[in-house]
Every structure is written in C-alpha cells, then in structure tokens.
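Beneath this line is the structure, given in structure tokens, with notes to follow.
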Amino acid sequence: MMAEDHFQRLAHLLDLEAEAEKQETIRSLEKLSPVEAESSGNSLINLVIHEEDSGLGGKILLTFGKRNENLSLPWSRIGNGSPVILSEEGLHDKDAPSWRGIVSRAHKDQIQVAFTQWPESDSDKPTFRLDRSTDEISRQRQRLALETARGAKGTRLSILRDVLLGKQNPVFNKIEFPNPFNKKLNDSQNQAIAFALSAEDVAIIHGPPGTGKTTTLIELMRQIVHNGQSVLAVAASNLAVDNILERLIDAGESAVRLGHPARVSPALREHTLDELADIHPDMRLARKLTRDAHSLRSQASKFFRIKPDPNLRHSLREEAKQLLNEARQIEDAVTERIISNAKIVCATATGLDSDFFTRRKYDWCIMDEASQSVEPSAWIPVQYANRLVLAGDHFQLPPTVISPEAIRGGFNISMMERLLNINSGLSRILNVQYRMHQDIMNFSSDVFYEKSLLADETVRAALLSDLPQVISSEMTDCAIHFIDTAGASYDELQEPDGDSRLNPLEAELVIKKVNELFACGLSSQQIAIISPYSAQVKYLREKLKYLELEIDSVDGFQGREKEAVIVSLVRSNHEGEVGFLADTRRMNVALTRARRKLIVIGDSATITSNGFYQRMVEYFESIGAYHSVWEE
C-alpha cells in the first residue's frame, strides 16, 4: 500500500504541475495577438518552409523563415533545443492540426525544427506559426516510469524500489579500497568513491559548492568501467551531462552521448549517437532511401496545372512513408550496435526512451544534479540499472516547480533529499572545497554544512590582488564587500506587466562597482552579476549591453563561478518583505559563485526581518566586510 500511495501521489503532483504549465502557456498566448505573441519572444509567425531534410531516427528537418528571405527573424526565446508546436496560420478550427517538434538549429534569418511526422497541409502556399511549448514527451516518460516502478514484482527494480521507499534496508559490502586513477583526490573524495562502490543498492555523494563533485564522479565511473561494468550517467540538465562527457573524454574514457544534437555542446557532438551513427557504413543505404522519400514528398507537394488523379498525392506520400520506415529500420540496427558496445552512456534522465531502453540493464546509474530533479524524473533511469548513486547538494537549488499546489504536496523535494530524511547514513559528504577564499566559504559552511567545509590551501587566502594585471586596493585586498543601502531610499519597484522586482538605484550602484573592478585591472570575463529577480537581471543587461558581462539569475548561474561576483538583492521596503529571498538555498548558490571577491548589495533594514539574512549581515560585520552606502 505504501508504494501504491507514494506513486499515486507523485503521479497526481506531476499532473498538477503539467496543468499549471499548460495554463501559464495558454494565458500568455490567449491574451496576445499573433504580432504581440511574436514580440513577447514566445512565438514566430508568418513562416514558410525554405528547406526539407532528414535526420537520424527518421526525423524530418524543416527549415522555416519569412517569405521574404532577406528578412531576419525577430528576437525570440525559441532557440536550439526548445520544444515547439507548429500550426498552420489561417485555420481557425480548434481541432486544426498541430505538430510537436524540437528546434535543431536557430539562425538570425532561419530556424530548423525536427519533427517525427510530416506537417501535412492541403494549402498550396501555407504559412506557419511556431510557439514555445512544454516538454510533453518528458512528462509521458515520467508517468510511465512511475507506473513501471509501482507495478514491479520479483525483479531488481522491485528491490531497488523498496530500498528507495525505506521498506527494505540498503546493503553495503566490504570492498578493497580502490587504487585511484586520479592521484590528486583528497581523503573525502576517496572515501566517497569507496563508499559508493560498496553499495549493493544505493549511495549518495553530497557535494557542497566547489568540493569537486564532478571530479569524484568521473573517478567513480572510471573505477566501475575498468572493473568490467557498465554505467548509465544522467543529470537533470544538458549542461551537466555535457560537463560529465567532457571530463570523461579528458580522462581518456570513451562514452556515447544520447539526446538531440541541438541540445549538446558543438564541441562534443562527434560523441553523440547521431554523429556516430551517421559515419557508420550501413547508413549510406538509409540516406538513399530517405532522399528517395523526400523526392516523392516533393512530387506530392507540387502544384499541378492539370488536376491530377485524386489518389496520386496520397499514394506518393504513402510510398514516401514506406521508404522512411525502411531507412528507420536500418538506423535502429546501427544505433543498437553503437549503444550495445558503449561502456558509458550519457544522457539527461528524461531523455531516456523506454522503447529503446526496456531491454537494457546497466550495472550502475550515476545521477548528477540529483537534488535538482523532481522525483518522477529520477525513476526513469532507475528502472534501467542494478545500482544507483545520487550526487548533488540539497542545500542548493531545489527542483523548479511552478504549481503552488504541487509544492504544498512536496513535489519540489527530490528523491535525494527524501532519502536523506529517511536515512542519513546513505550519504558521504565532500568537505574540501577548491573554489573560494575561506571568508566567502565560511558563512555557507556554518549555516548549511555544520562548519564541515575546509578551504584548500590553493584558494584559502586567494584575493583579486594576487592576479596578474590587478592592482592592490581596498577593493582587491579583501574577499567580501557588503554595501548596506538602508535609509538611502533605494526603493524596490514591481516590474511593469509582471510579478518580478527591480531596484534601479541599486542597479546603478552595481554598475559603479563593475567600473571599479575594471579600473583595478579585471576583465569582463572575470566578473559576473547575479540577482534573484529576473526584472533586475533584464534591467542590468540593458544598462550594460555594451559589455561582455555575464548577468544572470541564481538558477542560470548554478554550477558556475567567476573571480568576482556582485549579488544584487533588490528588496527594499518598509514592510520588511523579502519574498523570493526567503528561499535561502538559492542564496547559498549566489553567495558561493565567487572565487576571490564577493560583493553583496542590499537593504539590511528590509532583509534582516528574515533570520538567515540577520545572521549573514552579522557575519559580514564580524569580518570587517560591512559598509554603508553613505560611504559611497
């Protein structure tokens, strides 16, 4: 009953989140005219098909642009890897057909989209519209994974399920401590690897900021592979999967990257399944069949001066489909061989297709960013592995959930966090960090990690003034600078037509600090600006658009680092309302992105209504980092 209830609850929460995303999309589109929708960046209108091509797995690649090919496409949030919905313009019937696709290439004047089926039109000169969409394929895979795990009986998955639900105790074996390939690993990293290798079911590697979590996972995977076993390496984001793949290649290991090439870093595409299959000798015949199919499609689409046989267009399209099916069978055989020979397969958790993986079983699943995944997505790779290692940090960004009801139901609690609440003995923490000055580290260590973090000697006292070309000054000779704007009327504003907040006067102070860093000799590549509020991010990007500066939200900067980071807190009001800042895990991320210099700007009178920020300001005062805006 416990398993039934757990999976039913997750399925219900998944549906709530899906509905919330759907309603948000509908609201944003319904209240806008087509022109306004395009101006919002969520749609492209008045498109025509410029080119037709094909991709691996029978994908149909259509390139769209404006009818006048000299016209560029407007600015858009639709980019490489975006899920989209294509619809034909001029059809007002609610049941008019639409087609889901993935953007495979985006340029200033054209956009290529990959479809699994042909967008059929009876018009001679149709025009189309593209709208950004939710990823329903991922959702379907999550639902199926929940059903599969719930119904498993007498299998390895059923045992793993019971362990992951706390119904059965995890088993750990005594093992001989492995001889590491990477001789630079510290004791906590080696202990975490040995602990993971001893797990018969599940183990957790807890990696606080800068502690070399990815380095540890790469060593773990190398140990597994050189022991003759296979690894399914997954993460919540494509960026994290690419990072794993790049590090594996640098270590001399071979791996195959699954996923749409548009979502993979260009430098790594030669390791993708699509690229590896494309150079396989058997693919020549598949390409010929596909070309023939496109030729038949082209014939079927031509405008005939004399009315043709009514069945001709249909028969040509049917023949084209048959040729594409033959090509797909050849491609499936090629991809089957490539995947079967791979010792390490890298993919996003939601990128695993059950049709392709049902017959596969990996010795290990290593899941990075496990604390950022909603639990249903974590169950997707679990069904394809015998053992599971979760890696992440539940004191950094939680899973992104927009449905308030789903949040109340605990949908923003990852599998990793839930397991740690059940059994803290499943985890080993990495406690030596290699990113930041000890003053930047200490507050986070004290509040989130029970004062367990240690700064490696290479970073412990590293300041901006130690860098070449950087002059010694009050700014560069200390690690933290907090500027308190209390009493200076740096009032926050609500974003016009939005829910976010901005603070123009605080933004001007941020710009002043950027210029001071430049004057000290730092380059734009060494500086980042972070704000928890998207309106402040947009405002600063507009003000500093002439500079190549990274300006982003906390979520956008997760996993990143810079020599100097300026954090703009924005909130300044008489009521002491901190709003979004109350999510202290996000602030943990923001405060730990800087290597040598952290500048925080905020109104202490507002933010200290929250105990976390009261403690933060007291910490800044204790190390002499507190400054008032009046000193400026």
Side-chain angles (χ1 to χ4, degrees), residues 208-210 395 433 435-455 459-465 472-492 503 505-506 509-510 512-514 516-517 520 529-532 554 563-632:
F395 295 125
Q433 67 84 17
R435 175 183 296 160
M436 63 200 104
H437 190 286
Q438 62 183 356
D439 286 351
I440 301 173
M441 174 199 75
N442 281 338
F443 176 70
S444 179
S445 178
D446 292 354
V447 173
F448 294 99
Y449 307 107
E450 300 177 340
K451 301 185 178 182
S452 65
L453 298 188
L454 302 170
V459 299
R460 189 176 300 141
L463 297 166
L464 288 179
S465 55
S472 175
S473 69
E474 183 183 0
M475 174 68 77
T476 63
D477 286 341
C478 66
I480 300 181
H481 205 90
F482 173 69
I483 304 174
D484 186 1
T485 64
S489 299
Y490 276 42
D491 298 332
E492 67 185 65
N503 192 320
L505 287 177
E506 190 171 292
L509 185 52
V510 169
K512 180 182 178 183
K513 292 297 142 187
V514 168
E516 284 182 26
L517 290 171
C520 290
I529 302 171
I530 300 175
S531 178
V554 180
E563 299 293 353
V565 172
I566 304 173
V567 179
S568 172
L569 297 180
V570 175
R571 299 311 296 256
S572 179
N573 55 71
H574 297 299
E575 296 75 27
E577 292 181 358
V578 297
F580 196 49
L581 294 185
D583 186 347
T584 56
R585 288 185 292 186
R586 276 190 161 76
M587 195 48 52
N588 183 32
V589 173
L591 297 175
T592 55
R593 300 305 98 192
R595 296 188 191 114
R596 299 166 185 263
K597 183 72 182 185
L598 172 65
I599 301 173
V600 181
I601 302 174
D603 181 343
S604 67
T606 298
I607 63 174
T608 55
S609 63
N610 179 291
F612 172 86
Y613 293 98
Q614 174 71 41
R615 193 170 173 183
M616 181 187 78
V617 172
E618 289 172 357
Y619 172 73
F620 290 156
E621 288 175 331
S622 73
I623 62 170
Y626 178 91
H627 300 270
S628 169
V629 70
W630 302 107
E631 298 173 30
E632 298 293 321

Does any pair with a residue in residues 623-632 pass side-chain hydrogen bond (donor to acceptor under 3.5 Å, both in side chains), and if so which ones, sequence neighbours excluded? Asp484-Tyr626, Lys512-Glu632, Lys513-Glu632, His627-Glu631

For residues Leu581 and Pro532, report the shortest heavy-atom separation together with the two atoms involved. CD2-CG, 3.5 Å

With sequence neighbours left out, the residues meeting salt bridge (charged side-chain N to carboxylate O under 4.0 Å, His left out) with Arg615 are none

Specify the closest pair of heavy atoms between Asp439 and Tyr619, including all atoms of both residues, with the distance to one decimal. O-OH, 2.6 Å

Using the rule ring-ring contact (aromatic ring centres under 6.0 Å, His included), only one of Phe482, Tyr449, Phe448, Phe612 pairs with Phe443; which is it? Phe612

Can you name the nearest heavy-atom pair linking Met436 to Pro209, along with the distance? CE-O, 3.8 Å

Is the number of heavy atoms from other residues, nucleotides or ligands under 6.0 Å of Glu575 CD greater than 12? yes

Less than 3.5 Å apart, any donor N or O on the side chain of Ser472 or Asp477 sitting next to an acceptor on the other? yes

Within the side chain of Arg460, is there an N or O that forms a donor-acceptor pair under 3.5 Å with the backbone of Gln438? no

Which atoms form the tightest heavy-atom contact between Lys597 and Ile599, and what is the distance? CE-CG1, 3.9 Å

Pairing residues for Arg595 by the salt bridge (charged side-chain N to carboxylate O under 4.0 Å, His left out) criterion, not counting sequence neighbours: Glu561, Glu563

Given side chain to side chain contact (heavy atoms under 4.5 Å, CB included), test Ser609 with Val578 step by step and report yes or no. CA-CA 8 Å; Ser609 63; Val578 297; 3.9 Å; yes

Quick check against the 3.5 Å criterion: does Glu450 have a side-chain atom that pairs as donor or acceptor with the backbone of Ser452? no

Nearest heavy-atom pair of Asn503 and Ser572: which atoms, and what distance? ND2-CB, 3.9 Å

Nearest-0.5 Å distance that lies between atom CE in Met441 and atom CG in Asp446: 8.0 Å

Just verifying a value: how many Å separate Ile601 CD1 and Leu509 CG, rounded to the nearest 0.5 Å? 4.0 Å

Main-chain N/O of Tyr490 paired to Asp603 side chain as donor or acceptor, under 3.5 Å: no

Is a donor on one side and an acceptor on the other found under 3.5 Å between the side chain of Thr476 and the backbone of Leu464? no

Between Thr592 and Asn588, is there a donor-acceptor pair closer than 3.5 Å when you use the side chain of the first and the backbone of the second? yes

What is the minimum heavy-atom distance between Ala455 and Gln433, and which atoms define it? CB-NE2, 3.4 Å

